[in-house]
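Side chains are part of it too, since the values below use all heavy atoms of this structure and drop only hydrogens, waters and symmetry mates. Bear in mind the structure is a predicted one, so any value in this text is a computation, not a measurement. FYI, the numbering just counts along the sequence from 1.
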Amino acid sequence: MDEFLENPTLEALEAATKSDLINIVKGLNLAEVRLSMKKQELRRAIIQYYIVKNVFSAEVLENIPEKVPASGTAQFELEKLRLEHEIKLKQLEATEKEKKRAEKQREHELQLKELEVKRKQERAEKQREHEIQLKQLEAAEKEKERTEREKERAEKEKERAEKEREYEEKEKQRQHDLDLEKLRQE
């Protein structure tokens, strides 16, 4: 009996004697089970109990022929167990619907978070592109300024070289004039 209560199987239930079934019923504390009940009625009561506990499926009960009509209290108990089973099924269905709804809600929230992350990434990318453009413009401006400075330096160098050349020519001319004047005086 203890082995069955720890691990209930249909095979063990079929192999059980009436006294084993009565001990199982007592171990399960099933109300309204009498010693006068037949083996088949005891089996059905135990199976109903395990159907409610979701150990056996409801189809199992269909495979057990009801050889003996159930007595009034046993019929009441069976009806009670059947209704409890239906209630439990409806509760499970409601729980399953709630789980699906919660899952859809989580998926929706995840999609919103993904969109938020995507928007942030796009903003960051645009910001990076803007910064790159600004740096390129600054670099171009600096290059332009450097080129202009070099151009000015080259022009100043050219002017200085031109002035130096003019000075040297004037100096040569003056030296020439001085030499001529010396020659004339001599």
Could you check whether any side-chain heavy atom of Tyr167 comes within less than 4.5 Å of a side-chain heavy atom of Glu171, counting everything from C-beta outward? yes

For salt bridge (charged side-chain N to carboxylate O under 4.0 Å, His left out), just list the numbers for Glu98 and Arg101, CA-CA rounded to whole Å, side-chain angles, deciding distance to a tenth of an Å, and then say yes or no. CA-CA 5 Å; Glu98 180 59 27; Arg101 188 199 63 75; 2.7 Å; yes

Name of the residue among Lys151, Glu150, Lys144, Glu143 meeting side-chain contact (heavy atoms from CB on, under 4.5 Å) with Thr147: Glu143

Enter the distance from Glu41:CD to Ile46:CD1 here, rounded to the nearest 0.5 Å. 12.0 Å

Quick one: do Lys163 and Glu166 make a salt bridge, cutoff under 4.0 Å? no

Would you name the heavy atoms of Asn54 and His85 that are closest together and state the gap between them? OD1-CE1, 4.5 Å

Any side-chain heavy-atom pair of Leu10 and Ile47 under 4.5 Å: yes

In this structure, CZ of Arg160 is separated from CZ of Arg165 (nearest 0.5 Å) by 13.0 Å

Looking just at side-chain N and O atoms, do Glu131 and Gln127 make a donor-acceptor pair shorter than 3.5 Å? yes

Going by distance alone, is a donor N or O of one side chain under 3.5 Å from an acceptor N or O of the other, for Glu169 and Gln173? no

Electrostatic pair Glu125-Arg128, nearest N-O below 4.0 angstrom: yes

Rounded to the nearest 0.5 Å, what's the gap from CZ on Arg174 to CD on Glu168? Could you check? 13.0 Å

Value rounded to 0.5 Å, distance of NZ in Lys182 from CD in Gln175: 7.5 Å

Is the backbone N or O of Thr17 less than 3.5 Å from a side-chain atom of Asp20, with the two atoms forming a donor-acceptor pair by type? yes

Given the rule that I, L, V, M, F, W and Y join up when any side-chain heavy atoms are under 4.5 Å apart, are Leu13 and Tyr50 in one cluster? yes

Tell me, with the steps shown, if Lys158 and Glu162 meet side chain to side chain contact (heavy atoms under 4.5 Å, CB included). CA-CA 6 Å; Lys158 187 178 176 184; Glu162 183 67 32; 5.6 Å; no

Does Lys142 come within less than 4.0 Å of Glu145, counting only side-chain N to carboxylate O? no

If you define the side chain from C-beta out and look only at heavy atoms, does anything of Leu28 sit under 4.5 Å from Val25? no

So which heavy atom on Arg43 is nearest to which on Glu14, and how close? NH2-O, 3.1 Å

Interatomic spacing from CG in Leu134 to CD in Gln136 - rounded to 0.5 Å: 9.5 Å

Please answer whether the main-chain N or O of His130 pairs with a side-chain N or O of Lys135 as donor and acceptor at a distance below 3.5 Å. no

So Val117 and Gln121, do their side chains get closer than 4.5 Å, heavy atoms only? yes

Show the nearest heavy-atom pair for residues Leu81 and Ala45, with the distance to one decimal. CD1-O, 4.5 Å

On a heavy-atom basis, which atom in Pro8 and which in Val55 lie closest, and how many Å separate them? CG-CG1, 3.8 Å

Is there a path of hydrophobic side-chain contacts, each under 4.5 Å between heavy atoms of I, L, V, M, F, W or Y residues, that connects Leu92 with Ile87? no

Looking at Lys80, I want to see if its NZ is surrounded by more than 12 non-hydrogen atoms of other residues, nucleotides or ligands under 6.0 Å. no

Of all heavy-atom pairs linking Lys39 and Lys18, the shortest is CG-CB, 3.6 Å

Cationic N near anionic O, under 4.0 Å, Lys113 to Glu109: no

Below 4.5 Å, heavy atoms only, C-beta onward: do Gln185 and Glu181 meet side chain to side chain? yes

CG of Leu89 to CD of Gln91, rounded to nearest 0.5 Å, is 9.5 Å

